[in-house]
Amino acid sequence: MKKSRLKLQNNIRWLVVFLLFMMCVVIFRYAWVQLVQGGELSERMRNQVGIDYSVQSPRGAIIDRNGRELAVSTMTKSLFVDPNHVEDADALATDLAAVIDKSKEDILADIAVGGGFSWVKRRMEQSEYEAVRQVIREKSYGACLGFRDEAKRYYPNDILAANVIGFVGTDDKGLDGIEQAFDKYIKGEVTEAFLYTDRSSTPILDSIFAKKRYQGDRCKTIELTIDSGIQFIVEQELDKAMAANNPLATTCVVLNPKTGEVLAMAQRPSYNPNRFWDYQPEVWKNRAVSTIYEPGSTFKSIVAGAALQEKIVAPGDYYADPGYVMVSGKRIQNWNGESFGTVTFTDIVKNSINTGFAQIGLKLGAEKLTNYAKLFGFGEVTGIDLPGEEAGLLFENPKDMVDSDIATMSIGQSVAVTPLQLVTAVSAIANDGVLLKPHIIKSIKNADGTTYSETQPEEVRRTIDSSTDKTLMSLLEEVVATGGGGKAKVKGYRIAGKTGTAQKIRDDGAGYMDGHYIASFCGFAPVENPQVVVLVIIDDPRGTFYGGQIAAPVAGSIFSKIFRYLRIEPSTDVFADEESEENKPKPKPQRKVYNGPPVPNGKVVMPDFYGKSIREAAQLANENGLVFDSEGSGFASSQSIEANTIVNQGTKVTVYFSP
């Protein structure tokens, strides 16, 4: 019994030792698998039961104030190559060059980069993607070629508001305009994810859950204050102005004076952001904020406001206009080179008399003139949310200004402004003398649709008293009603504004260029309740160059179409004059024959178009080297330029037709 018990105990001991040994082996093996081979085995398992993939969230949209899309992103396929697994580079490059828009040499260069990854073609069109997939299947290139999802920016309206929106580079980086200024908000995001699949690569877990919309901090939607309808109206009129005047460039800004919102901002020439690389970089620049120029007579609105505010002049005060004045040895003459005689201050504003404004500027003095210019926002950036804004140029120290500097500044020279600065200053006049900060961002929306931020009207300061402002508005209304801005009229509406014609400064800043001008008009309407301010600038036109002749009509046409678009009621009955005159006999115009002196070279005699059909009138204008435009139908009853007037070749004449 004793021996049996000892043997059993001995067997138990060996069994315990064996079990302990086996446990140690298991523990060692487990530790080896987990600690030494854990990473490798885990990766092998992931490759067997699922796939790694990248999730690209598309770039946030840019929309106008009415929700119309101006810039959107779509998901596309990008092709890459794994050079380490390419067996025959020449054959691969030949096959790919046949189906994508890329040369064989460029593809070979991509393969020659080496390593495990190299881009071949990014953001392919759907047709290219399908063609490459077919090549991969037929030639068994799956080991060395692959696709990745990437967002592609698309501008559905092509050229519309291009210089405001900007464009995006290859790596989803904003390179100009709103795309650049708000890149950190709207830029897409790439995240890595893992998807569990079965042996057929079909998702086995994630597929049962609905995909959720991106909820991150990026991919926000930018809502602009721009109205696509008004923007289209403006760009259409600028196209007409380019055709009629053949200028170097045109610019237009439309602002809401009560809120500071930019309703339209356009220029010509412009570009298509879908193919921005086809254009010169100079065309990308937004001229409304990045170009400075001498404003000419449009600046006289500010000078008139300062003079009225300082009570050194009243609308009925009389001035003697000698035709020109000499200031510090510099001759300042009127735009027509003639004297207007004895005139009131109202006439000085209405007819844009340089001698009168020079005298008024000298009464104001350098310090007050400069201070009022700064009050209206000149000499500093407006702070609008657009890149590349210029501050303009004013004299740094008014004490350094001589009398000729004061006189020339009073007529809109010796000072440089941006179009946005000028339209903002005139908006202050339309807003009871209160200057608002202009803005082009209405709101920013999160990816889930909630509001991230919203822009509210921001008052900068009061420029002139309310009573002074009302007087100034009435003077500017006279400019359009009976003065040099008459071509900006719209029947039934009260419009106020000021024309401008300024010589262009030489590129080196040394004086002015002969025969090169900037014509402009800036005004607001309706006067009783201003809702829009319009600035039109025509840079270096050919032929007629006066702002009242070529810029004011463009502004008038823009005003007319905006009134209809915004359904702004007319101030007066547009048919009142027609009803009162409808029963009066209208005299029949007499055909005129030119009996004047010989016509100089480069000049032509304006023909008499009366009684001709549209085709006959167009042919006659073409024979005389004139630019022809028509209104109405039937036979010619009147024309914009009186017959037998000597004009330059290339002058535009509008002929009015009636049944």
Between the main-chain N or O of [Y] and the side-chain N or O of [X], is there a donor-acceptor pair closer than 3.5 Å?
| X | Y | result |
| --- | --- | --- |
| S290 | G388 | yes |
| N163 | V283 | yes |
| N157 | L160 | no |
| R461 | L375 | yes |
| R59 | D172 | yes |
| R137 | G142 | no |
| E261 | I440 | no |

**Study point:** Salt-bridge present (R287, D539; N to O < 4.0 Å)
**Key:**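 Yes.
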Exercise for review: Could you check K470, R494, K489, K498 and say which one makes a salt bridge (Lys or Arg N to Asp or Glu O under 4.0 Å) with E477?
Suggested key: R494
Review point. Would you say the side chains of Y141 and D95 form a donor-acceptor pair under 3.5 Å?
Key: yes
Practice item. Could you label the plane-to-plane angle of the Y185 and F182 rings as parallel, tilted or perpendicular, counting under 30° as parallel and over 60° as perpendicular? Key: tilted
Point to revise | CG (N66) with more than 12 external heavy atoms under 6.0 Å | key: yes
